[in-house]
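Note that the structure is a prediction, hence the values are computed from the model and not measured. Just so it is clear: chains get the letters A, B, ... in the order the sequence lines come, proteins before strands, and each one is counted from 1.
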Number of protein chains: 2
Amino acid sequence: MAGGERRLQILRVAMRLFSQRGFRGTTTKEIARAAGVSEAMVFRHFATKEELYSAVLDHKACLHDDLDPLQRVADAIARKDDRAVFEGMALDALNQHDCDPEFQRLLLHSALEQHELAHMFWEKFVRRVYRSLRSYIRQRQRDGAIKHVEPFVIVRAFIGMIIHHSLNNNLWDRERQLLKISNQAAARAFTEILLNGVATSPQSRANGDGRQRSRVETPKRKRSKK
Amino acid sequence: MAGGERRLQILRVAMRLFSQRGFRGTTTKEIARAAGVSEAMVFRHFATKEELYSAVLDHKACLHDDLDPLQRVADAIARKDDRAVFEGMALDALNQHDCDPEFQRLLLHSALEQHELAHMFWEKFVRRVYRSLRSYIRQRQRDGAIKHVEPFVIVRAFIGMIIHHSLNNNLWDRERQLLKISNQAAARAFTEILLNGVATSPQSRANGDGRQRSRVETPKRKRSKK
DNA sequence: AGCGATGGTAAGTAAGCACTTACTTTCAAC
DNA sequence: GTTGAAAGTAAGTGCTTACTTACCATCGCT
């Protein structure tokens with residue numbers, strides 16, 4: 001097997017094991033065995049276990065790196081279709097966590113172990129999502145469509161619903177005993193709650209078919225405060 | 001030092017270290033040193049490291065065991081004061097996580113390691129909170145104060161906001177760089193979003209009374225899939 | 001005084017860990 | 001057909017780990 005191939009294979013095996021058992025819970029021998037090679041092979045490709053771990057985290061993180069988290073909903077943003085914006089982001093995140101639960105586990109492990117990835121991910125991804133969403137929310141607040149609540153609070157509330165739901169599905173309630181719901185339905189429900197929760201005038205959303213409504217509703221309504 | 005005292009002291013030290021570094025990341029030697037005794041002392045009080053870990057988890061978990069999570073807001077429930085119910089629970093949880101961040105870390109570690117505590121906590125605490133809140137929500141739905149959304153979805157959304165906020169504060173953003181907000185304000189903001197998000201009609205919320213309104217409009221079947 | 005229970009330790013032990021060394025096999029390029 | 005590097009390994013090395021043993025010290029109690 002060629003060098004690059006083997007390296008990648010070891011990386012993938014390590015990724016799986018690290019995400020299952022954490023850094024300290026995984027031995028280099030296990031990794032080697034799972035990859036079907038000797039331990040020495042692992043250390044030929046990665047100088048230390050730490051380096052292998054970093055490579056794993058890098059490999060995962062770089063997938064999230066270069067894409068703007070709001071890009072997938074860019075047209076919804078342009079249309080100022082709040083529902084499409086939030087529901088799209090939610091669905092994206094839920095699907096992502098669903099088909100790659102390893103990442104969430106790795107992230108948690110590294111956060112608990114205070115590995116630099118946790119910090120990096122925070123800086124490079126989380127902050128960006130927060131800022132992007134804030135700028136959108138601010139705009140919609142100026143439009144009079146969203147209440148003048150601190151935007152970051154809204155972002156946190158929304159991301160909280162989504163991440164916590166994923167965490168439940170991946171970590172605690174894998175059988176979905178407590179709540180069995182499709183990602184679609186979850187994204188829709190959470191979005192509904194959030195948007196109704198922060199809308200300036202509830203009537204504008206209450207009748208539910210705000211979906212696919214192309215025009216922005218109530219551009220300059222009177223802004224009532226809390 | 002008397003036997004019981006020492007045992008408790010070791011337990012507390014272990015609690016701190018386990019929560020910081022996890023089970024595998026903490027050595028019995030470290031625990032002994034931090035407790036100012038020899039390693040043999042640790043093993044006199046706890047037969048194995050596993051047993052010590054279990055004792056730690058038990059000790060933490062039993063604090064949450066015998067109290068009804070909704071007891072603290074019982075009068076608010078009786079009054080059907082939704083705001084007080086949810087805000088009270090949120091504030092309680094946030095304060096709890098604030099003054100005992102160890103617990104959240106221990107819980108996460110044990111969930112990742114698939115330790116039985118994770119399951120126990122889920123069964124004994126989480127499920128109960130979910131069920132209690134559901135029963136309250138159902139009642140308020142019958143009252144016509146809350147939309148007919150699956151109650152567990154509402155619970156998950158609400159708990160999600162709170163837990164995720166705590167997780168942020170304890171794990172990722174301890175400096176509160178991204179969002180600095182008091183527990184009071186957070187509890188109020190999240191409650192506001194949730195209640196407005198699931199209220200049947202804005203008026204019924206606005207003046208705070210839970211007046212019975214006529215049957216709820218359920219737009220469930222109205223929507224067609226895209 | 002003596003004695004056993006209790007609180008404590010120094011110095012192990014065997015297994016497991018990350019990592020190394022010294023060696024063999026494979027195979028394409030001259 | 002030789003060679004030289006790359007792919008691969010068996011068998012270590014030294015250190016750390018959870019856990020043990022064998023022994024000391026200080027009591028309260030007859």
Between dT13(D) atom P and Phe43(A) atom CZ, what is the distance in whole Å? 17 Å
Polar-atom pairs under 3.5 Å, protein N or O versus N or O of nucleotides 12-14 of chain C: list them with distances, or write none.
none

Report, one pair per line, the protein and nucleotides 5-8 of chain C atoms (nitrogen or oxygen only) whose separation is under 3.5 Å.
residue : atom : partner  : partner atom : Å
dG7(C)  : OP1  : Gly3(B)  : N            : 2.9
dG7(C)  : O3'  : Met1(B)  : O            : 3.3
dG7(C)  : N7   : Arg44(B) : NH1          : 3.3
dG8(C)  : OP1  : Arg6(B)  : NH1          : 2.7
dG8(C)  : N7   : Arg44(B) : NH1          : 2.6
dG8(C)  : O6   : Arg44(B) : NH2          : 3.3

For the atom pair CG (Leu133(A)) and CZ (Arg156(A)), what is the distance rounded to the nearest 0.5 Å? 13.0 Å
What residues 19-30 of chain B contributes to the DNA chain D interface at heavy-atom separation below 4.0 Å is Thr26(B), Thr27(B), Thr28(B)
Do the two ring centres, one from Phe23(B) and one from His109(B), sit under 6.0 Å apart? no
Measure the distance from CZ on Phe46(B) to P on dC19(D) and round it to the nearest whole Å. 13 Å
Any chance you could encode DNA chain D as dot-bracket? Rule is Watson-Crick or G-U wobble with both distances under 3.5 Å; [ ] for pairs crossing earlier ones, | for another strand. ||||||||||||||||||||||||||||||
Which pairs of donor and acceptor atoms, one on a side chain in residues 38-48 of chain B, lie under 3.5 Å apart (sequence neighbours left out)?
residue  : atom : partner  : partner atom : Å
Glu39(B) : OE2  : Thr28(B) : OG1          : 2.7
Thr48(B) : OG1  : Glu50(B) : N            : 3.4
Thr48(B) : OG1  : Glu51(B) : N            : 3.0

Closest listed nucleotide, where the reference is the side chain of Ala40(B) and the choices are dC19(C), dT20(D), dA18(D): dT20(D)
Are Phe125(B) and Tyr130(B), when compared by the centres of their aromatic rings, separated by less than 6.0 Å? no
Centres of the Tyr53(A) and His115(A) rings: under 6.0 Å? yes
With a 6.0 Å cut-off on ring centres, are Phe86(B) and Phe158(B) close enough? yes
Looking at residues at least two apart in the chain, or sitting in another chain, which of them share a salt bridge (charged side-chain N to carboxylate O under 4.0 Å, His left out) with Asp173(B)? none
